[in-house]
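Note sheet for the following structure.
Just so it is clear, the structure is predicted and the values come from calculations on it, not from any experiment. We number each residue from 1, following the sequence as shown.
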Amino acid sequence: CLGRILMHSKVVKCSLCKNDCHIQCLPYFSETDMLYANDDSNHWSCTLCNESLFVFNGLENNDFNDEIADLSTHLEITLSQLEQKCFQPFDFENESENDLLSEANPDTHFFNLNSFGTLKDSKYYNTDMFKNEMKIEKNVDNSLSFLHCNTRSAVKNLDKLVWYSSQTEFRFSFIGISESWFSEYNAHAYNIPGYQHVYVCRENNVIGGGASLFAPDNINFKVREDLSGINDVYESIFIEVDKSVFHTTKHLVIGCIYRPPGRSTELFNESYRNILKTIDQENKFGYIMGDININLLNSTTHEKTSEFVDINFEFSFVPLMTRPTRVTRTSATLIDNIFTNAISNRCSKGIFYTDEIADHFPIFYIDQQYKHDIVQNESYRRIYSTANYEKFNKILSELNSEKILQSNDPEESMSILHSHLCYAHNTAFPLVKVKQGYYNRYEWLTHGLKNSIKVKNKMYLSLKKNYSPTKEKLYKAYKQS
């Protein structure tokens, strides 16, 4: 409950977080329940605490069944079946030149051939397929690009996402993460080399949710506080980048949104419309990544989903992903997406088909008509010399540790200690620019490991195209070896 607590308010106190909640803000809660909950001998926990206590809190029946099935069984939906499921709001291929009504079709006139790249279907890729396409496309280095993934705890899976991204041999401009599960005490500790991290996370150690954006550490941007934040409906982080950075014709508003399942779709649509309206009125390009938990494949049968799609079209935003991004044993849904009003015919987009990170597939978009001036083969490294180690020890010896010892909160003490260590480390071992070459690129990744990765990816793709228990057994054995 985010409302003000007044003297005459009827409230109930959560036994876990000790926060007060208005009883009128709680579903199915009466004054009799209030008497029970306020009795010190009884236990009552608020909705936010329940979300962290009970993994399936907020899931609808079908989603709950899918989650349970995922724990013990393999995916029965094959890759060929996924490719048949497609969100097609604009069906240009069926337009006939002899159709008398084709000239009156507003979609054909607005989304003409110049925008076909943005509107084409999104395909599934593994890292080898992606690298091959980048070789064919050419001149994609430094292009404005986006990568998004619902990590279902970046605390656990961020390293997996970074590792998988490195296998593409492509440096994405912006990386969005939904369901980061960061807390106010540890969010600053999680970074990706070469990026700046901005984020929103739930307070009071409430587990779950969160949205993060990673932007290149050599560009300037400002956080859009008016579009960022956490409320009862969604969680979002937005930044604005000057048009000179990627030589675009308009300034860029880039965001990452997470809408938890079970939250009001009607209220979300209203808030989302206000975000798009703001971007439109400011005459800027918008790129919105995220997991909105609205299945676009149901846009023709579900009223609120159709309304969400119409809101995007109202402000000339289009969803770039057209095929399922999350697959369970019995369902395939298109709930992760990237939305933009910057239409392009020179772009690449798709879905990384992998189980290496979480139960959501990573998605990407590369707009080749806009580029950054940075040189891709430059990287930054820390020099761990004897002199720098001595400097590190000296800084640590001079730091004041009284705040760490005086705090009664172990998480606060740990956060202060971590801040001290980060300061000492970054000061003593600063990042130094080095030119990336053949011998210093992924030094630890041997040719044998690279070949093993290729074999594993091919086995996974073969398994999903044509499932069999034998293939699954061989794949898991090779993966764990």
Handout entry: Interatomic spacing from CG in L399 to OH in Y423 - rounded to 0.5 Å
Key =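 The OH atom of Y423 is 7.5 Å from CG of L399, to the nearest 0.5 Å.
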Handout entry: Reported CG-to-SG distance for the pair D336 and C149, which is rounded to 0.5 angstrom
Key =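 Going from the CG atom of D336 to the SG atom of C149 covers 7.5 Å.
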Practice task
Dump the intermediate steps for side chain to side chain donor-acceptor pair (under 3.5 Å) on N298 and T305, then the final yes or no.
Solution key: CA-CA 7 Å; N298 294 337; T305 301; 5.7 Å; no
Problem - E356/K160 ion pair, N-O < 4.0 Å - result: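 Judged by the 4.0 Å cut-off on N to carboxylate O distance, E356 and K160 do not form a salt bridge.
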Taking [Y]'s backbone N and O only, do any of them form a donor-acceptor pair with [X]'s side chain (distance below 3.5 Å, no angle check)?
X: S413; Y: I404; value: yes
X: R224; Y: G255; value: no
X: N341; Y: G286; value: yes

Residues [X] and [Y]: side-chain donor-acceptor under 3.5 angstrom:
X: Q368; Y: S348; answer: yes
X: S122; Y: T322; answer: yes
X: R326; Y: S331; answer: no

Parallel under 30°, tilted from 30 to 60°, perpendicular over 60°: which one fits the rings of [X] and [Y]?
X: F364; Y: Y125; result: perpendicular
X: F285; Y: Y287; result: perpendicular
X: Y353; Y: Y124; result: perpendicular
X: Y384; Y: F429; result: tilted
X: F246; Y: H372; result: tilted

Practice task
Look at atom NZ of K371 and say whether more than 12 heavy atoms of other residues, nucleotides or ligands are closer to it than 6.0 Å.
Solution key: yes
Practice task
Determine whether more than 12 heavy atoms belonging to other residues, nucleotides or ligands lie under 6.0 Å from atom CD of E282.
Solution key: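 Atom CD in E282 is packed in, count exceeds 12.
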Fill in the blank from the handout: Correct closest heavy-atom pair for L213 and G176 would be CD2-CA, 4.1 Å
